[in-house]
Amino acid sequence: MRLGEVVVDITPLRAGRDFRLLFATQAISMLGTHLTSVAASIQVYELTGSSVQVGLTSLSLGLSLLVGLVAGGVLADRVDRRRIVLVTRAATAVVITGLAVNAALPDPQLWFVFVAAVLAGGASGLGGPALMAATPALVAPGQLAAAGALMTLTAQLGAMAGPSLAGVIAAGPGVALCFAADAVIYVVGLALLAPLPRLAPEGAGEPQHPLKAMGEGLRFLRGNQVVAGLLLIDVCAVVFAMPYALFPELGTEHFGGGPSTVGLLYTAPAVGSFCGALASGWTGRIHHTGRALIGAVALWGLAITCFGLSPSLWSALVFLALAGLGDTVSEILRRALLQHYTPDRLQGRVGSLWLAQATAGPSVGNVEAGLVARALGSSAGAAVVGGVVCLAGVAAVALALPGLRKATLQGPPAGEGQATPAETSPATD
């Protein structure tokens with residue numbers, strides 16, 4: 001295999017202006033998101049001195065995001081998706097500007113931070129499914145995996161650079177500048193997305209009650225082995241083998257380090273994820289996509305198991321990096337298969353379920369990991385148990401859903417009588 005077939009495939013960026021605009025917007029937006037997230041946590045802690053209040057802020061954001069995702073999924077299948085993205089991003093820019101003004105006041109108000117978290121979470125949720133559904137309409141038939149890898153790369157770059165930059169700015173000019181920078185990023189994103197074509201979903205003119213619309217999405221999920229399998233196999237990873245809540249105890253007690261050791265544990269998966277995204281060129285070319293996905297999730301479970309068994313910090317970091325690599329490959333393939341096997345008229349609703357799971361799953365998984373660690377009296381033991389359960393779950397899903405094993409991005413989805421979203425004509429220069 002040549003090097004050009006391994007490194008991240010940038011064909012979608014070369015092929016169409018519209019996807020380049022979407023990619024650029026996502027790249028700067030992920031940086032801005034981490035600026036605001038870290039700055040808000042710092043500000044709340046400075047105002048209250050309470051980690052509980054910081055957690056409640058995150059909870060407020062998460063709950064409003066989930067509500068917004070459910071409503072946004074229905075909306076994205078009924079209204080021009082470009083308009084939804086522009087309106088919700090404009091609303092979020094206003095909210096972030098409010099946070100900047102509040103932070104610049106001599107006496108910043110804590111209540112406003114909570115209100116802003118709810119409003120920003122709701123707006124992001126409403127726009128998230130529409131933004132996700134835009135990708136299949138802007139890339140060529142065989143480029144969904146490559147497009148997903150590029151989007152994942154933006155997320156990993158933001159995750160690595162954003163928090164550190166936010167800390168530097170907060171320690172210097174202050175958190176108000178973090179919020180202001182994010183507000184400017186949102187405005188720049190609006191300017192980049194404005195030239196996109198109209199992205200009306202199929203069947204947008206058909207009136208349908210929102211509950212009935214969501215029911216249709218759930219029925220499709222139950223009846224499609226591939227899409228149902230994509231969600232189920234992700235549950236195996238993020239609910240049963242999510243070790244992040246264990247890192248503080250493992251870093252200090254098990255590995256005998258301090259905050260720097262804990263930081264290394266959190267950084268290692270991100271490094272592996274970044275490398276996985278950079279070496280993702282093969283994901284769009286492999287024929288047995290479903291099998292590769294199953295293998296990637298199994299790699300996560302196996303790496304987490306070995307992480308729990310690691311006798312030294314450095315071996316633990318290596319296994320966490322491998323876990324991050326498996327997670328990124330899994331995300332790229334899951335996103336591509338989801339968009340490939342979902343009809344355009346359901347992209348918003350099915351995408352909202354995927355995003356909701358991606359939002360809530362890790363939180364549930366971290367709570368589960370903490371409870372298992374308490375029951376066993378060992379965080380390392382909890383990681384091992386989680387990894388083994390993940391592997392068992394992956395095997396069960398793979399055996400129960402042969403459609404997932406046979407899934408491929410090569411050609412139209414088997415058993416579908418209508419065009420796939422990937423068959424949409426790509427935008428050209």
Side-chain angles (χ1 to χ4, degrees), residues 132 144-145 148 152 217-244 269 273 276 280 283 286-308 319 322-342 346 349-369 372 382-410 413-416 420:
M132 182 174 175
L144 283 176
T152 301
L218 291 173
R219 285 193 300 273
F220 170 78
L221 182 64
R222 289 197 302 268
N224 189 299
Q225 282 196 5
V226 176
V227 177
L230 295 175
L231 298 182
L232 287 174
I233 203 168
D234 190 45
V235 167
C236 297
V238 300
V239 173
F240 300 124
M242 180 53 64
Y244 290 4
S273 294
S280 61
T283 55
I286 189 171
H287 181 74
H288 300 293
T289 314
R291 297 177 190 176
L293 168 64
I294 293 168
V297 182
L299 174 60
W300 166 273
L302 180 61
I304 294 301
T305 302
C306 294
F307 162 69
F319 286 121
L322 285 175
L325 187 149
D327 182 50
T328 289
V329 172
S330 166
E331 180 182 350
I332 292 169
L333 296 178
R334 279 185 291 115
R335 180 192 293 265
L337 286 170
L338 185 81
Q339 294 173 335
H340 187 64
Y341 279 82
T342 302
L346 293 170
R349 281 163 284 180
V350 174
S352 71
L353 294 173
W354 190 78
L355 291 170
Q357 177 180 280
T359 301
S363 299
V364 174
N366 278 311
V367 171
E368 183 269 341
V372 173
V384 173
V385 170
V388 171
V389 173
C390 172
L391 288 170
V394 170
V397 171
L399 290 173
L401 300 175
L404 179 63
R405 299 197 306 269
K406 299 174 182 176
T408 179
L409 294 172
Q410 309 301 320
E416 292 288 348
T420 69

Nearest-0.5 Å distance, [atom1] of residue [X] to [atom2] of residue [Y]:
X	Y	atom1	atom2	value
Arg291	Leu333	CZ	CG	14.0 Å
Leu302	Phe307	CG	CZ	14.0 Å
Leu230	Trp354	CG	CH2	9.5 Å
Gln410	Thr289	CD	OG1	6.0 Å

So do the side chains of [X] and [Y] get within less than 4.5 Å of each other, counting heavy atoms only?
X	Y	value
Arg349	Phe220	no
Asn224	Val350	no
Leu404	Leu293	yes
Val394	Ile294	yes
Cys390	Ile304	no

Heavy-atom closest contact ([X] atom, [Y] atom, distance):
X	Y	value
Ala382	Ala369	CB-O, 3.9 Å
Pro402	Leu399	CD-O, 4.2 Å
Tyr341	Ala407	OH-CA, 3.5 Å
Ile332	Ala145	CG2-O, 3.4 Å
Leu325	Gly276	CG-CA, 4.0 Å
Leu409	Thr283	CD1-O, 4.2 Å

Just by modelled atom types, is the [Y] backbone N or O under 3.5 Å from a matching donor or acceptor in the [X] side chain?
X	Y	value
Ser330	Gly326	no
Trp300	Ala241	yes
Gln339	Met132	yes
Ser273	Gly324	yes
Gln357	Leu231	yes

Are there more than 12 heavy atoms of other residues, nucleotides or ligands under 6.0 Å from atom CZ of Arg405?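 Enclosed.
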
